[in-house]
Amino acid sequence: MSATSLLAGVVVEEIALGSEQGSLLATQAGVLFAPGISLDGAPFTFGRPSERALRRALDRRNLTHDRK
């Protein structure tokens, strides 16, 4: 089961690691344990995420998307 929400222009989708889709994504991204985080389809991190690193990555993402 997945849950989707929209937060300040960011779509967050939660996919169970034990699901077929979650297992495939985890294998492709090299996720060893939950949570695994991808940004724009690219692996970002797994395990306990750094809030600072995630905020920086989202800021860079927004700057890149604003230029398009």
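- Take P49 and apply the side chain to side chain contact (heavy atoms under 4.5 Å, CB included) test, not counting sequence neighbours, and it matches P35, I37, T45.
- Taking a 4.5 Å side-chain heavy-atom cut-off between Ile, Leu, Val, Met, Phe, Trp and Tyr, the cluster of L24 contains only that residue.
- Partners of R52 according to the side-chain hydrogen bond (donor to acceptor under 3.5 Å, both in side chains) rule, which considers only residues two or more places apart in sequence or in another chain, do not exist here.
- Applying the ring-ring contact (aromatic ring centres under 6.0 Å, His included) test to every pair with at least one member in residues 10-36, sequence neighbours left out, gives these pairs: F33-F46.
- In this structure, Q28 has no side-chain hydrogen bond (donor to acceptor under 3.5 Å, both in side chains) partners at least two apart in sequence or on a different chain.
- Taking CG of D40 as the reference point, atom CZ of R61 lies at 4.5 Å (rounded to 0.5 Å).
- For L17, the side chain to side chain contact (heavy atoms under 4.5 Å, CB included) criterion is met by A26, A34, not counting sequence neighbours.
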